[in-house]
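Input: a single structure, listed below in structure tokens.
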Amino acid sequence: AKTHGRNRFAFYSPDMAERAHERMAMEQGLMQAIQQQALRLHYQPVVALESGRMIGMEALVRWQHPELGLVPPARFIPVAEESGLIEPIGEWVLQEACRQTRRWQDEGYPHIRMAVNVSVRQMMNDHLVERVAQALAETGIDPQCLELEITETAIQSIEHSRERLRQLKGLGVMIAIDDFGTGFSSLSLLKHLPIDRIKIDRSFVTGLPSDGNDVAITHAIVALAHSLHLELTAEGIESTDQLNHLHQLGVGEGQGYLFRRPEPADALTELLRGGHRF
Ligand code: C2E
Ligand code: CA
Ligand code: CA
Ligand code: CA
């Protein structure tokens, strides 16, 4: 017991108290942000690598904070996930992304695909399918235009996820595995789940075309996707070298700062109107 004497105080260190306080403040702030509609969606174009056309958008949430400015999701999604606030946030994201898809359809762009990120908690929630169905019904968009992005970590049980994804597929929406290759069971997911698309994680795209490991892994993912007839999107394309390499490999679609950073819908509407090609 003597040896514990010092360490015990670590549990009550001012540092930890401060962190706990920070977290609570963050939670409270987030709760207000939801009520006061301070969340925003930015959209990042998904580009067909062959034609250079924008064929989709990924919805990415931000928090418009009165003092901190635009807070990126990495700063609040983990807290939201732990506290459960991700549920109302996720629901708002889904609704707003579908509404924006509808606006673009009404503007004369009926084929823009909208990708929405689905969190661990949302995947576990029994109301997910209902909520997706509702968002589709409210906006009247074609279910095929909605793609749900599920990370490997959100798939905590294959059996449970298989049933959930089957129900979602029943609505006609598309399913993508996000950050592919960064989890521990990537290959068994492909075997067991009804998936339409693989998103190659940015961590593999970064090293193209010079890093031998990244090249080997990317080639393997592409070969796998081709033989399983899955669509492919590469994330995080920042250079023309990366773009050319992925295009030559036969990757259909890509996103990244080389094309565009995520931004508010209006800026992208302008781009669509101009018939922009990358
Ligand atoms: P993600 O789903 O992997 O989204 C891609 C992230 O990479 C975005 O960061 C995007 O801005 C960034 N990115 C895109 N192209 C490039 C590039 O060329 N270079 C670099 N360095 N980064 C690039 P963002 O918007 O900060 O989002 C971070 C993460 O937060 C997302 O990663 C996703 O996991 C999560 N997230 C964002 N919005 C939502 C949401 O509505 N719901 C949930 N559950 N998670 C979200
Ligand atoms: Ca994503
Ligand atoms: Ca991703
Ligand atoms: Ca990623």
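We're numbering straight along the sequence, starting at 1. Indexing begins at 1, ligand by ligand and atom by atom, following the structure's order.
- Atoms of ligand 1 found under 4.0 Å from any heavy atom of Pro262, numbered from 1 in the order shown, are 11 (O).
- With ligand atoms numbered from 1 in the order given, ligand 1 contributes 3 (O) to contacts under 4.0 Å with heavy atoms of Asp179.
- No side-chain donor from either of Thr233 and Gln255 sits under 3.5 Å from a side-chain acceptor of the other.
- Of all atoms in ligand 1, listed by their number and element, those nearer than 4.0 Å to a heavy atom of Arg202 are 19 (N), 20 (C), 21 (N), 22 (N).
- Using a 4.0 Å cut-off between charged side-chain N and carboxylate O, Arg99 and Glu96 make a salt bridge.
- Scanning for side-chain hydrogen bond (donor to acceptor under 3.5 Å, both in side chains) contacts around His192 gives an empty result, with sequence neighbours left out.
- If you look at Glu58 next to ligand 1, the close heavy atoms, those under 4.0 Å, all belong to the side chain.
- The side chain of Glu235, and not its backbone, has at least one atom closer than 4.0 Å to an atom of ligand 1 (non-hydrogen atoms only; side chain from C-beta on).
- For ligand 1, the atoms lying closer than 4.0 Å to a non-hydrogen atom of Gln44 are 14 (C), 15 (N).
- Proximity of Val205 to Asp214: side-chain heavy atoms (C-beta onward) are nowhere separated by under 4.5 Å.
- Contacts between Glu81 and ligand 1 below 4.0 angstrom, taking non-hydrogen atoms only, are absent altogether.
- A salt bridge links Glu58 with Lys199; the closest basic N to acidic carboxylate O contact falls under 4.0 Å.
- When each atom of ligand 1 is checked for a heavy atom of Glu238 under 4.0 Å away, the hits are 17 (C), 18 (O), 19 (N), 20 (C), 21 (N).
- Contact analysis leaves Ala74 out of contact with ligand 1, as no non-hydrogen atom separation drops below 4.0 angstrom.
- At a threshold of 4.5 Å between non-hydrogen side-chain atoms, the residues Ile150 and Leu193 do not count as touching.
- Exactly one residue among Arg261, Arg260, His276 makes a side-chain contact (heavy atoms from CB on, under 4.5 Å) with Pro45. That residue is Arg260.
- Looking at Arg102 and Glu138, no side-chain N of the basic residue comes within less than 4.0 Å of a carboxylate O on the acidic one, giving no salt bridge.
- Remark: distances from the non-hydrogen atoms of Gly236 to ligand 1 include one below 4.0 Å.
- Heavy atoms of Gln255 come nearer than 4.0 angstrom to ligand 1 in no pair at all.
- Remark: among candidates Thr151, Val93, Leu258, Ile89, the nearest residue to atom 41 (O) of ligand 1 is Val93, based on non-hydrogen atoms.
- Taking a 4.0 Å cut-off on heavy atoms, Lys199 fails to register as neighbouring ligand 1.
- For ligand 1, the polar-atom distance check finds no N/O of Glu149 at less than 3.5 Å from any of the ligand's N/O atoms.
- Shown here are the protein N/O/S atoms lying under 3.0 Å from the Ca ion (ligand 2), water excluded: Glu58 OE2, Asn117 OD1, Glu149 OE1, Asp178 OD2.
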- Task: Given side chain to side chain donor-acceptor pair (under 3.5 Å), test Ser239 with Asp241 step by step and report yes or no.
- Result: CA-CA 5 Å; Ser239 74; Asp241 280 350; 5.3 Å; no

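- Between Gln122 and ligand 1, no N or O atom pair is found at a separation short of 3.5 Å.
- A donor-acceptor pair shorter than 3.5 Å can be found between the side chains of Arg103 and Gln100.
- Taking 4.5 Å as the limit, every side-chain heavy atom of Glu231 sits out of range of all side-chain heavy atoms of Met174.
- Checking Leu60, Ile150, Leu41, Asp178 against atom 31 (C) of ligand 1, the nearest heavy atom belongs to Leu60.
- Of the listed residues (Ser119, Ala154, Pro73), the one carrying the non-hydrogen atom nearest atom 26 (O) of ligand 1 is Pro73.
- Put simply, the side chain of Arg166 reaches to within 4.5 Å of the side chain of Arg162, judged on heavy atoms.
- In this structure, Asp196 contributes its side chain and Ala176 its backbone to no donor-acceptor pair below 3.5 Å.
- Side-chain contact between Leu272 and Ile112 is present, with at least one heavy-atom pair separated by less than 4.5 Å.
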